[in-house]
2 protein chains.
Amino acid sequence: MDVLEKILENNNIKPTAMRLLVLQFLLNRKVATSLTDVENYFAKSDRTTLFRTLKTFVEKGISHKIDDGTGITKYALCEDNCHCEIDTDLHLHFHCTKCNETVCITEYKIPPIHLPKDYTAENVNLVVKGICDKCNSK
Amino acid sequence: MDVLEKILENNNIKPTAMRLLVLQFLLNRKVATSLTDVENYFAKSDRTTLFRTLKTFVEKGISHKIDDGTGITKYALCEDNCHCEIDTDLHLHFHCTKCNETVCITEYKIPPIHLPKDYTAENVNLVVKGICDKCNSK
DNA sequence: GTAAATAATGCACTTCCGTTGCATAGGGCA
DNA sequence: TGCCCTATGCAACGGAAGTGCATTATTTAC
Ligand SMILES: [Mn+2]
Ligand SMILES: [Mn+2]
Ligand SMILES: [Zn+2]
Ligand SMILES: [Zn+2]
């Protein structure tokens, strides 16, 4: 059986044609992906289907949503050791203001955050804006 | 002269009636404020005027925009020692998932963030979600 | 194998928020 | 008073997320 199908079935996602294609697309991309990105790539497909495909991937835990501050939701497949399903996936995201791309920075964890008395943290979103490695080496 | 007028004039903002009212409203609020919040309070006023008032406050540096991840832009007046005008106002924001309110946490600074080689940071947005002090003490 | 049930897809439409264009009103100044 | 610049108000637009519902595809039941 195909490796893509395996990924989906291991996560209780029925491997339909569209889902396999979207999964492959996401696997090949190195940067976080918006619905519009997917839509442009699969020009013939319907936006709603793609939207719901991405939503399913997030719900089933193979992908996570990224709010990078641009106002456009991005998605990225989870690493093997990712635990976003418990809503505490604490890696940070970097948004390059030059090439406009957003990436997961999984090498470094978010440092512990100090909060005032009686505040309880459940989740942290850390987005760093700046210039990415590719843009800096041009 | 009124203290509110002084704040505006010190920052090159013509103290119109509407602007004074909005400023007072923001001063009295202890939590970050959305355009809709302002709109609801000044029910008789026009949305656009309020929008542009908030925009002016940000541009002139007496207020800063907050992206708390809810998708709704919030605004909060800057503290005296705030330097958001140079885009490096590095305090964090806390969004309570119970009362839905967002506050500036100015007591603690954002810890230094490690980035991979060749990445340059220009700005950081850190939003912690959880339960606020008020909601926790109920 | 056929029929019923279930799930996925596609199209249209909605909602929400931020934003802009343009005409009008107001306020300082010659 | 008349002029100019800015602020205001109304309307409309735009992008993106999301929903309702009919249609199609795929299981499952018989
Ligand atoms: Mn990520
Ligand atoms: Mn703040
Ligand atoms: Zn870049
Ligand atoms: Zn609260």
Side-chain angles (χ1 to χ4, degrees), chain A residues 1-2 4-5 7-9 11-25 32-60 62-76 95 100 102 125, chain B residues 1-2 4-5 7-9 11-25 32-60 62-76 95 100 102 125:
Chain A
M1 190 205 291
D2 188 29
L4 294 176
E5 284 190 43
I7 295 177
L8 293 184
E9 299 203 332
N11 290 277
N12 295 310
I13 305 170
K14 229 176 267 181
T16 67
M18 201 64 247
R19 286 170 178 172
L20 288 166
L21 288 170
V22 172
L23 177 60
Q24 179 143 58
F25 176 62
T33 304
S34 70
L35 172 58
T36 306
D37 292 334
V38 185
E39 202 188 344
N40 289 339
Y41 187 80
F42 298 103
K44 289 288 187 69
S45 299
D46 183 68
R47 210 182 66 254
T48 312
T49 304
L50 299 171
F51 168 73
R52 287 198 265 239
T53 298
L54 294 173
K55 194 182 171 194
T56 302
F57 284 4
V58 171
E59 284 167 356
K60 298 295 186 177
I62 66 170
S63 174
H64 62 280
K65 250 178 151 171
I66 301 168
D67 175 5
D68 63 4
T70 61
I72 296 164
T73 305
K74 307 281 168 65
Y75 300 86
H95 177 76
N100 245 321
T102 299
N125 185 32
Chain B
M1 190 206 290
D2 189 26
L4 294 176
E5 284 189 44
I7 295 177
L8 294 184
E9 298 202 331
N11 290 276
N12 295 310
I13 306 172
K14 227 176 267 181
T16 67
M18 201 64 247
R19 286 170 178 174
L20 288 166
L21 288 171
V22 172
L23 177 60
Q24 179 144 57
F25 177 62
T33 305
S34 69
L35 172 58
T36 306
D37 292 334
V38 186
E39 203 188 345
N40 290 338
Y41 187 80
F42 299 103
K44 289 287 186 66
S45 300
D46 183 70
R47 193 182 160 66
T48 313
T49 304
L50 298 172
F51 168 73
R52 286 197 266 237
T53 299
L54 294 173
K55 194 182 172 194
T56 301
F57 285 4
V58 172
E59 284 167 356
K60 298 295 185 176
I62 66 169
S63 175
H64 62 280
K65 251 177 151 174
I66 301 168
D67 174 6
D68 63 4
T70 61
I72 297 165
T73 305
K74 306 281 167 63
Y75 301 85
H95 176 75
N100 245 322
T102 299
N125 185 31

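All chains are named by letter (A, B, ...) in the order of the sequence lines, taking the proteins before the strands, and each is independently numbered beginning at 1. Remember, predicted model here, so these are calculated numbers, not experimental data.
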Please state how far atom [atom1] in [X] lies from atom [atom2] in [N], giving the value in whole angstrom units.
X: A:Tyr75; N: D:dA16; atom1: OH; atom2: C1'; answer: 10 Å
X: A:Leu35; N: D:dA16; atom1: CG; atom2: P; answer: 9 Å
X: A:Lys65; N: D:dG18; atom1: NZ; atom2: C1'; answer: 10 Å

inquiry  = In the structure I gave you, are the side-chain heavy atoms of B:Leu20 and B:Glu5 within less than 4.5 Å of one another anywhere?
reply    =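 Yes, side chains in contact.
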query = Distance from A:Ile62 atom CD1 to A:Tyr75 atom OH, nearest 0.5 Å?
reply =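 The OH atom of A:Tyr75 is 13.0 Å from CD1 of A:Ile62, to the nearest 0.5 Å.
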inquiry  = What's the separation between atom CD in A:Glu39 and atom OG1 in A:Thr49, rounded to the nearest 0.5 Å?
reply    =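 Going from the CD atom of A:Glu39 to the OG1 atom of A:Thr49 covers 11.0 Å.
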message = If the condition is salt bridge (charged side-chain N to carboxylate O under 4.0 Å, His left out), which residues does B:Asp67 pass it with, not counting sequence neighbours?
response =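 Partners of B:Asp67 under the salt bridge (charged side-chain N to carboxylate O under 4.0 Å, His left out) test: none.
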key: Results of ring pair (Phe, Tyr, Trp, His ring centres under 6.0 Å) for A:Phe42 - residues two or more places apart only   =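 Residues passing ring pair (Phe, Tyr, Trp, His ring centres under 6.0 Å) with A:Phe42: A:Phe25.
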key: Those residues that, when tested against B:Phe51, pass ring pair (Phe, Tyr, Trp, His ring centres under 6.0 Å) (two or more places apart)   =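 Scan of B:Phe51 (ring pair (Phe, Tyr, Trp, His ring centres under 6.0 Å), adjacent residues dropped) gives none.
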Each nucleotide N or O in nucleotides 20-28 of chain D that has a protein N or O under 3.5 Å away: list the pair and distance.
| unit_1 | atom_1 | unit_2 | atom_2 | d |
| --- | --- | --- | --- | --- |
| D:dG20 | O6 | A:Arg52 | NH2 | 3.4 |

key: Candidate pair A:Leu8 and A:Phe57, rule side chain to side chain contact (heavy atoms under 4.5 Å, CB included), full reasoning   = CA-CA 9 Å; A:Leu8 293 184; A:Phe57 284 4; 3.8 Å; yes
query = So which of residues 36-47 of chain B are in contact with DNA chain C, with a heavy-atom cut-off of under 4.0 Å?
reply =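 Heavy-atom contacts with DNA chain C come from B:Arg47.
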message = What contact category does A:Thr73 fall into here, base, sugar-phosphate, or nothing, at under 4.0 angstrom with non-hydrogen atoms?
response =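 Contact class for A:Thr73: sugar-phosphate only.
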request  = Sort and list the pairs that fulfil side-chain hydrogen bond (donor to acceptor under 3.5 Å, both in side chains) and have at least one residue in residues 51-60 of chain B, not counting sequence neighbours.
outcome  =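 For residues 51-60 of chain B: none.
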message = Using a 4.0 Å cut-off to any heavy atom of chain A, which nucleotides of DNA chain C are the first and last in contact, reading 5' to 3'?
response =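 Footprint of chain A along DNA chain C, 5' to 3': C:dA7 to C:dA12.
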In chain order, what residues pass the side chain to side chain contact (heavy atoms under 4.5 Å, CB included) check against [X], with sequence neighbours excluded?
X: A:Thr16; answer: A:Met18, A:Arg19
X: B:Asn100; answer: B:His95
X: A:Ile72; answer: A:Ser34, A:Thr70, A:Lys74

ask   = So which of residues 15-23 of chain B are in contact with DNA chain D, with a heavy-atom cut-off of under 4.0 Å?
value =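 The stretch gives B:Thr16, B:Met18, B:Arg19 as the residues lying under 4.0 Å from the strand, ordered by number.
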query = Between the main-chain N or O of A:Thr36 and the side-chain N or O of A:Asn40, is there a donor-acceptor pair closer than 3.5 Å?
reply =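 Yes, the answer is positive, given that a donor and an acceptor are paired below the 3.5 Å cut-off.
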ask   = Among all residues two or more places apart in sequence or in another chain, which pass the side-chain hydrogen bond (donor to acceptor under 3.5 Å, both in side chains) test with B:Asp46?
value =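 For B:Asp46 the side-chain hydrogen bond (donor to acceptor under 3.5 Å, both in side chains) partners, ignoring immediate neighbours, are B:Thr48.
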